[in-house]
Structures are given as structure tokens and as C-alpha cells.
Amino acid sequence: HAEIVNLDLAPRNNRGWVEYSATVEIYRPVDMSRWNGAIYHTVPNRGGAGSGPDALLERGFALVRVGWQGDITPSERNIVSQLPVAVNPDGSPVVGPAYEEFIFNDDDTRSTVTLSYPAASLDPSHATLTVRQRQDDLRSAPFDMTWRFDGDSRIVIGRPAGFDGGAIYEFVYEARDPIVMGLGFAAMRDAISFLRYDRSDVQGNANPLAPGGTLPRVAMSIGISQSGRYLRDMLYQGFNENLEGRIVFDGMHPDIAGSRKTFTNYAFSQ
């Protein structure tokens with residue numbers, strides 16, 4: 001766990017451990033004699049929940065989702081993780097550079113946007129705003145572009161002439177209170193590993209996918225778009241191996257995920 005960014009700055013409980021929680025959603029056959037022994041895991045995208053395709057249910061799969069995103073507000077209808085905020089040893093907030101990108105897709109001249117993390121300072125000299133029309137264009141700060149803080153979590157942008165609704169606005173500022181987002185990888189690893197290898201937890205609660213003590217024979221995962229990039233990153237960073245050295249997912253399918261990984265295991269990740 002040493003490479004989970006800011007884990008060393010996460011608050012500890014009275015046993016010296018870092019606490020977090022994650023929602024786990026399981027759909028399994030009512031008659032477990034019809035279970036095919038396989039876990040089909042879907043990586044939630046922005047907290048999305050749901051059972052998945054009927055075809056998989058009809059073929060006896062157990063469908064599982066594990067929350068990993070710690071920057072989504074929990075509700076009764078999403079699958080998220082609730083992760084700690086890093087704090088300096090003296091109790092002061094952790095402060096560092098954060099990055100935001102906005103594309104408004106409208107013709108308004110003024111826009112108010114919410115920042116992913118609160119600003120550590122409302123001094124405008126500690127932040128910069130630039131705009132460019134296309135991804136590869138040079139960043140610029142036109143004389144008729146303005147911005148100001150609206151509290152510590154929002155900014156108001158006066159948009160310049162000569163840029164359409166698809167222009168890219170980039171805001172770099174000093175933020176505070178980073179979430180220890182890399183714990184989302186550990187949450188998914190440990191939840192699936194428990195379902196695969198343990199008949200009960202440390203409190204004696206039975207594994208819901210170990211009827212009569214029979215453990216799953218295989219686990220696979222699919223991630224679509226952002227969730228596919230997350231799967232690729234989970235594998236790359238070593239979280240497809242549990243603490244006993246066993247494999248977590250036998251197979252992964254990063255679908256329409258492009259060529260990249262995710263901005264997850266970073267300070268001020270999104």
C-alpha cells in the first residue's frame with residue numbers, strides 16, 4: 001500500500017488503521033443451485049448501479065459492482081466509496097496545485113463552475129485561467145477574459161470574444177483537502193478477493209457467494225469508457241493481486257477505454 005498517494009496522511013482510528021467504506025452491490029440467483037460459479041463484475045462509471053444484462057442473469061452469473069470513486073456524493077441509487085481526506089501531521093490542511101478543465105458547449109458570456117476541491121486561498125494571484133479553442137492550440141489569457149472566486153468552491157468566468165462553446169478553459173489553483181482516492185483500488189481488490197477466497201469475514205458474516213462453503217471458481221470484470229481506463233490502471237498499479245499473492249480478476253475487459261489510464265491515484269485526483 002506504500003504507493004497509495006497520501007495514505008500516510010490519512011486519519012487513523014484508535015488501532016492506528018486507516019478507515020474507509022465502499023458500497024458493494026450483488027445480484028445472484030435466488031436458487032443458488034443455478035449459479036454457474038462465476039463472478040461477473042462491472043466497474044461503476046460515475047457511481048452507476050444496476051443488475052446488468054438479463055442474458056448474464058439467465059446464464060447463472062453472479063453480478064457484482066464495487067464502489068471506487070470517492071468524489072461522488074453517496075445516495076441510495078449509486079455505488080461509491082467513502083474515502084478519507086489527507087491531513088498534515090499538525091492537523092493543518094494539505095495544500096497543493098490542482099487542475100480543472102471546462103468546456104461549456106453553449107454561447108453564454110458568463111459561466112459559474114464548481115471546483116473539484118476547495119481553494120486554499122482566494123487570492124487570485126495564486127491561480128491562473130487560460131483558454132484555447134482546440135486541444136493542441138497554445139493557451140492564452142485574452143484581455144477581455146475575466147474570472148473571480150465565488151466562495152472557495154466556485155469561480156465565475158467572463159468568457160472572451162472569438163471563442164465558441166467548444167473552447168477549453170483551464171484553471172490551475174492552490175487547493176486543499178485531497179481525498180485519498182487510490183484507496184478505491186484497494187476497496188475493489190479486497191471486496192472481490194473476499195468474495196473469491198473467504199467463506200466468512202472476521203466478524204463471522206458469511207460470504208454471500210459461498211453457498212454451502214463452495215467458493216466462486218472464476219472472476220472477471222468489464223469497465224466501459226472511464227471504467228475501462230480504471231481497470232487498466234488497477235492492473236498496471238498492481239492491485240489485481242491480493243495481500244496473499246492471489247489473483248483477483250482472471251480476466252479484464254477495458255471497453256472503449258482509449259489508450260490511457262486514470263487520474264485516480266494522485267493528490268487532488270478526479
Side-chain angles (χ1 to χ4, degrees), residues 19-70 72-83 183-235 237-257 262 264:
E19 291 188 355
Y20 66 91
S21 65
T23 305
V24 179
E25 182 179 50
I26 300 175
Y27 290 83
R28 64 177 190 177
V30 174
D31 178 2
M32 285 297 280
S33 68
R34 298 181 61 190
W35 180 37
N36 65 9
I39 294 173
Y40 189 97
H41 173 266
T42 300
V43 181
N45 195 338
R46 295 166 178 82
S51 63
D54 289 346
L56 295 176
L57 295 171
E58 292 165 357
R59 284 166 173 76
F61 283 93
L63 305 185
V64 179
R65 294 177 193 251
V66 180
W68 62 275
Q69 286 186 258
I72 295 177
T73 301
S75 74
E76 294 181 356
R77 300 179 62 85
N78 63 18
I79 303 297
V80 302
S81 55
Q82 295 174 284
L83 307 179
L183 281 169
F185 289 123
M188 190 172 293
R189 175 202 63 197
D190 292 343
I192 298 300
S193 181
F194 166 74
L195 293 173
R196 286 202 68 173
Y197 297 116
D198 297 328
R199 291 179 172 81
S200 62
D201 66 17
V202 295
Q203 296 174 329
N205 300 301
N207 179 344
L209 294 184
T214 301
L215 292 167
R217 60 180 177 81
V218 67
M220 63 196 81
S221 183
I222 184 170
I224 300 172
S225 188
Q226 172 181 244
S227 299
R229 295 191 296 276
Y230 173 88
L231 268 185
R232 189 181 288 136
D233 212 0
M234 179 181 179
L235 179 64
Q237 298 204 39
F239 287 95
N240 200 44
E241 178 181 337
N242 73 8
L243 299 183
E244 289 73 43
R246 291 173 164 178
I247 195 169
V248 179
F249 294 115
D250 298 284
M252 292 178 170
H253 180 188
D255 189 27
I256 58 170
T262 59
T264 300

[atom1]-[atom2] distance between [X] and [Y], expressed to the nearest 0.5 angstrom:
{"X": "Gln82", "Y": "Ser21", "atom1": "CD", "atom2": "OG", "answer": "4.0 Å"}
{"X": "Tyr197", "Y": "Leu215", "atom1": "OH", "atom2": "CG", "answer": "9.5 Å"}
{"X": "Trp68", "Y": "Met234", "atom1": "CH2", "atom2": "CE", "answer": "11.5 Å"}
{"X": "Arg28", "Y": "Ile39", "atom1": "CZ", "atom2": "CD1", "answer": "12.0 Å"}
{"X": "Leu243", "Y": "Asp190", "atom1": "CG", "atom2": "CG", "answer": "5.5 Å"}
{"X": "Leu231", "Y": "Phe185", "atom1": "CG", "atom2": "CZ", "answer": "9.5 Å"}

**Study point:** Intermediate values then yes/no, side-chain contact (heavy atoms from CB on, under 4.5 Å), Ile192 and His41
**Key:** CA-CA 9 Å; Ile192 298 300; His41 173 266; 3.8 Å; yes
Taking C-beta and beyond as the side chain, do [X] and [Y] meet within less than 4.5 Å on heavy atoms?
{"X": "Thr42", "Y": "Leu63", "result": "no"}
{"X": "Pro216", "Y": "Trp35", "result": "yes"}
{"X": "Met220", "Y": "Phe249", "result": "no"}
{"X": "Gln226", "Y": "Arg46", "result": "yes"}

Can you see which heavy atom on [X] is nearest to which on [Y], and at what distance?
{"X": "Val218", "Y": "Arg196", "result": "CA-NH2, 4.0 Å"}
{"X": "Arg217", "Y": "Asn36", "result": "NE-O, 2.8 Å"}
{"X": "Ala257", "Y": "Gly228", "result": "CB-C, 3.7 Å"}
{"X": "Thr262", "Y": "Thr264", "result": "OG1-OG1, 2.8 Å"}
{"X": "Ile79", "Y": "Val66", "result": "CG2-C, 3.7 Å"}
{"X": "Leu83", "Y": "Tyr20", "result": "CD2-CB, 3.9 Å"}

Under the 3.5 angstrom rule, does the side chain of [X] hit a backbone N or O of [Y] as a donor-acceptor pair?
{"X": "Asn78", "Y": "Val80", "result": "no"}
{"X": "Glu25", "Y": "Gly50", "result": "yes"}
{"X": "Asp198", "Y": "Ser200", "result": "no"}

Check your understanding: Would Arg59 and Asp54 pass as an ion pair if we require N to O under 4.0 Å?
Key -> no
Practice item. Give a yes or no on whether the ring-centroid distance for Phe61 and Tyr27 is below 6.0 angstrom. Key: no
Revision key, fill the gap. Between Val43 and the options Arg229, Met188, Gln69, the side chain to side chain contact (heavy atoms under 4.5 Å, CB included) test singles out Met188
